[in-house]
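Atoms within a ligand are numbered from 1 in the order they appear, just like the ligands themselves.
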Amino acid sequence: MTFSSGPAELTLDPKHQPEETPAPSLTELTLEPVHCRPELMDACADLINDQWPRSRASRLHSLGQSSDAFPLCLLLLSPHPTAEASPIVVGHARLSRVLDRPQSLLVETVVVARALRGRGFGRRLMEGLEDFARVRGFRRLHLTTHDQLYFYAHLGYHLGEPVQGLVFSSQQLPTSLLRAFPRAPTPHPPCMVPSLTAQAAGPSSPKGPPLPPPLPQPLTTLPPRSAGPFPQNLLETQYQDLRGCPIFWMEKDI
Ligand SMILES: CC(C)(COP(=O)(O)OP(=O)(O)OC[C@H]1O[C@@H](n2cnc3c(N)ncnc32)[C@H](O)[C@@H]1OP(=O)(O)O)[C@@H](O)C(=O)NCCC(=O)NCCS
């Protein structure tokens, strides 16, 4: 689907006009859990896979686990210009409960449709999910990022400690069982981020395909008890994901 952003993008030759859908308006957006809109699951899988390619089956499986008991996948939706058609999936974010922090949620797989970035939809998605979490009694959000730390810092997130996201709802897997898994013995050495400005250029950077989203910490390890000798700052981090890529932990009180 292509979106028009204004008359400046139109060519004069009507034969060369691309088939366009008017860009969604910020005022008409809604945020809904994907399990309340199962008919939009395919479109959501396409949106996420456009950023982080993965098998469709596994993406749909992951989306299919969304429930009110968490993890929960939220869709940022815009009404389709044709009233009868399904809404346009503008963005996605996944929320999970956090071990030992009943008032926290872990935010993952934050993505806005490629053609719609830079127009305020990412802010709307983050502010919307903060409202969503707050009205359900949560008070803090945590996330990891490879290369969007300035976006999140701009929205009020600051560097924080690692947490353990729960891939199952706490009703399905008792916390006492999760606590029985061993803790990671020591923090990783710090990893320098080669070039923040180059990485912040995002998926269109000519340096290669975008990094996949940070993998959640495995259930068999927990974050180190202390931050260790290496402070996390905006240029270096002591944390890595399972692929060894540097990640920054961020959090925000809501
Ligand atoms: C990151 C992402 C969700 C941002 O969405 P977006 O729609 O482009 O962001 P917005 O246009 O809403 O930007 C919101 C604000 O953040 C600012 N901003 C956006 N990217 C920024 C960056 N890299 N550094 C600093 N500020 C940034 C904007 O200037 C804007 O400021 P304003 O609201 O005060 O005017 C989007 O670019 C995306 O999907 N990227 C690919 C997937 C990804 O990397 N997700 C993060 C995984 S951790």
Is there a donor-acceptor pair under 3.5 Å between the side chain of [X] and the backbone N or O of [Y]?
X	Y	value
Arg56	Leu60	no
Ser66	Cys73	yes
Arg140	Ile254	no

Mind checking whether [X] has an N or O less than 3.5 Å away from an N or O of ligand 1?
X	value
Arg117	yes
Val111	no
Gln51	no
Leu116	no
Arg123	yes

* Salt-bridge contact Arg59-Asp46 (side-chain N to carboxylate O under 4.0 Å) -> no
* What part of Arg124 sits under 4.0 Å from ligand 1 if we count only heavy atoms: the side chain, the backbone, both or neither? ->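 No part of Arg124 comes within reach of ligand 1.
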* Asked: Passes ring pair (Phe, Tyr, Trp, His ring centres under 6.0 Å), Phe138 versus Phe70? Steps please.
  -> CA-CA 13 Å; Phe138 297 98; Phe70 298 94; 5.5 Å; yes
Using a 4.0 Å cut-off to any heavy atom of [X], which atoms of ligand 1 qualify?
X	value
Gly122	5 (O), 6 (P), 7 (O), 9 (O), 10 (P), 12 (O)
Phe121	7 (O), 12 (O)
Tyr150	24 (N), 25 (C), 26 (N)
Tyr152	46 (C), 47 (C), 48 (S)
Thr144	48 (S)
Arg119	11 (O)
Thr145	48 (S)
Gly120	10 (P), 11 (O), 12 (O)

* **Nearest neighbour of atom 47 (C) of ligand 1 from the list Leu155, Leu143, Ile247, Val110, on a heavy-atom basis** =>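 Comparing heavy atoms across Leu155, Leu143, Ile247, Val110, the nearest one to atom 47 (C) of ligand 1 lies in Val110.
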* Asked: If you measure from atom 16 (O) of ligand 1 to every heavy atom of His154, His92, His146, Arg114, which option wins on shortest distance?
  -> His154
* Not counting sequence neighbours, which residues clear salt bridge (Lys or Arg N to Asp or Glu O under 4.0 Å) with Glu84? List them please. => none
* Consider only side-chain N and O atoms of His142 and Ser104, and report whether a donor and an acceptor are under 3.5 Å apart. =>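 Ser104 and His142 do have a side-chain donor-acceptor pair below 3.5 Å.
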* Asked: Can Arg134 be said to sit on top of Phe132's aromatic six-ring, NZ or CZ under 6.0 Å from centre and within 45° of the ring axis?
  ->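 Checked: cation-pi criterion not met.
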* Is there side-chain contact between Leu40 and Leu77, with at least one heavy-atom pair below 4.5 Å? ->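 Answer yes - side chains close enough.
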* Asked: So does His158 have more than 12 non-hydrogen atoms from other groups sitting under 6.0 Å from NE2?
  ->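 Enclosed.
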Side-chain donor-acceptor pairs of residues 85-96 under 3.5 Å, sequence neighbours excluded:
unit_1: His92; atom_1: ND1; unit_2: Thr109; atom_2: O; d: 2.9
unit_1: Arg94; atom_1: NH1; unit_2: Ser62; atom_2: OG; d: 3.4

* With a 4.0 Å cut-off on heavy atoms, is Leu125 touching ligand 1? -> no
